[in-house]
Amino acid sequence: MRALIIVDVQNDFIPGGALAVKEGDQVVPIINSIQEKFDFIVATQDWHPADHGSFAANHESKEVGEFIDLNGVQQILWPVHCIQGTIGADFHPMLDKKGWRAVFQKGTNPLVDSYSGFFDNNRQGDTGLSAYLKSEGVDEIYVCGLATDYCVKFTVLDGLDQGFKVYLIADATRAVNLRQDDYEKAIEEMKNAGAQILSSSDL
Ligand code: VGL
Ligand code: ZN
């Protein structure tokens, strides 16, 4: 059975938000239009405590975009975003949520970041998403949302690693693009790892 995974379509990743992804709002109508094609839909939600180690503001004299070693894992530093319980962490108000089976929150451990909807970046914390999908008979996942070059990419890669057949709905994603070609690089990396790259019109 196939499932749609909607990654981090939250206000802070939308233009005007704390970690705005260019054109991030444009995925909302596309995702809404594809949801009716899926019987099984789950979402992930970036859900950080205020003292999260991925925030530049929590490290003395560090700027957004600098790298640090965060408990043994290389970490790029982000603006403060998706704080638990804030409007920035809420899903986009126009995103249709009525068919969702579950929401998997991630990034809750202040000591490690979590890009993937499955595991923390140190591969220790597990959101339970893989076991949940398997227990429901899901063997194919279709991934969309924000951002192509971070949380979408790592969700795709971990999904492949967990043995799912993985499809990326590329036009239903947008990238942070810290470097200009990060979107293309991310697509290439997902393709090389075994993901099939689709457009919403292929569904
Ligand atoms: C994300 C950076 C930091 C994402 C989350 O959802 O892609 N990116 N936290
Ligand atoms: Zn985050």
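Everything numeric here is computed off the predicted structure, so don't read it as measured data. Both counts, for ligands and for their atoms, begin at 1 and track the order of listing.
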Between the CD1 atom in Ile14 and the NZ atom in Lys22, the distance rounded to the nearest 0.5 Å is 14.5 Å

What are the protein N, O or S atoms, given as residue plus atom name, that sit under 2.8 Å from the Zn ion (ligand 2)?
->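 Near the Zn ion (ligand 2), the protein supplies Asp46 OD2, His48 NE2, His81 NE2.
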
Just by distance, with hydrogens left out, do Gln162 and Ser130 show a side-chain donor and acceptor under 3.5 Å apart?
->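 Result is yes, a qualifying pair exists.
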
Could you give the side-chain donor-acceptor pairs of residues 135-148 under 3.5 Å, partners two or more places apart or in another chain?
| residue | atom | partner | partner atom | Å |
| --- | --- | --- | --- | --- |
| Ser135 | OG | Ala131 | O | 3.4 |
| Ser135 | OG | Tyr132 | O | 2.7 |
| Asp139 | OD1 | Met1 | N | 2.8 |
| Thr148 | OG1 | Thr173 | OG1 | 2.9 |
| Thr148 | OG1 | Arg174 | N | 3.2 |
| Thr148 | OG1 | Arg174 | O | 2.9 |
| Thr148 | OG1 | Ala175 | N | 3.3 |

If we only count heavy atoms from C-beta on, is the Trp47 to Phe104 side-chain gap below 4.5 Å?
-> no

Please table the atom pairs, donor to acceptor, closer than 3.5 Å between any side-chain atom in residues 27-34 and protein atoms at least two apart or in another chain.
| residue | atom | partner | partner atom | Å |
| --- | --- | --- | --- | --- |
| Asn32 | OD1 | Gln35 | NE2 | 3.4 |
| Asn32 | OD1 | Asp96 | N | 2.8 |
| Asn32 | ND2 | Met94 | O | 2.9 |
| Ser33 | OG | Ile30 | O | 2.8 |

With Cys82, the side chain to side chain contact (heavy atoms under 4.5 Å, CB included) member among Asp8, Asn11, Leu19, Asp46 |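 The side chain to side chain contact (heavy atoms under 4.5 Å, CB included) with Cys82 is passed solely by Asp46 among Asp8, Asn11, Leu19, Asp46.
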
For a side chain to side chain contact (heavy atoms under 4.5 Å, CB included) with Gln75, tell me which candidate from Val112, Ile68, Asp69 qualifies.
->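 By the side chain to side chain contact (heavy atoms under 4.5 Å, CB included) criterion, Gln75 pairs with just one of Val112, Ile68, Asp69: Ile68.
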
What closest approach, in Å, do Pro15 and Ala20 show between heavy atoms, and which atom pair accounts for it?
-> CA-CB, 3.8 Å

Relative to the ring of His52, is the ring of Phe55 parallel (under 30°), tilted (30 to 60°) or perpendicular (over 60°)?
-> tilted

Pairs under 3.5 angstrom, nitrogen or oxygen on both sides, ligand 1 versus protein: list them out, please.
| residue | atom | partner | partner atom | Å |
| --- | --- | --- | --- | --- |
| ligand 1 | 6 (O) | Asp8 | OD2 | 2.7 |
| ligand 1 | 6 (O) | Leu146 | O | 3.4 |
| ligand 1 | 7 (O) | Ala147 | N | 3.1 |
| ligand 1 | 7 (O) | Cys151 | N | 3.1 |
| ligand 1 | 9 (N) | Asp46 | OD2 | 3.1 |
| ligand 1 | 9 (N) | His81 | NE2 | 3.1 |

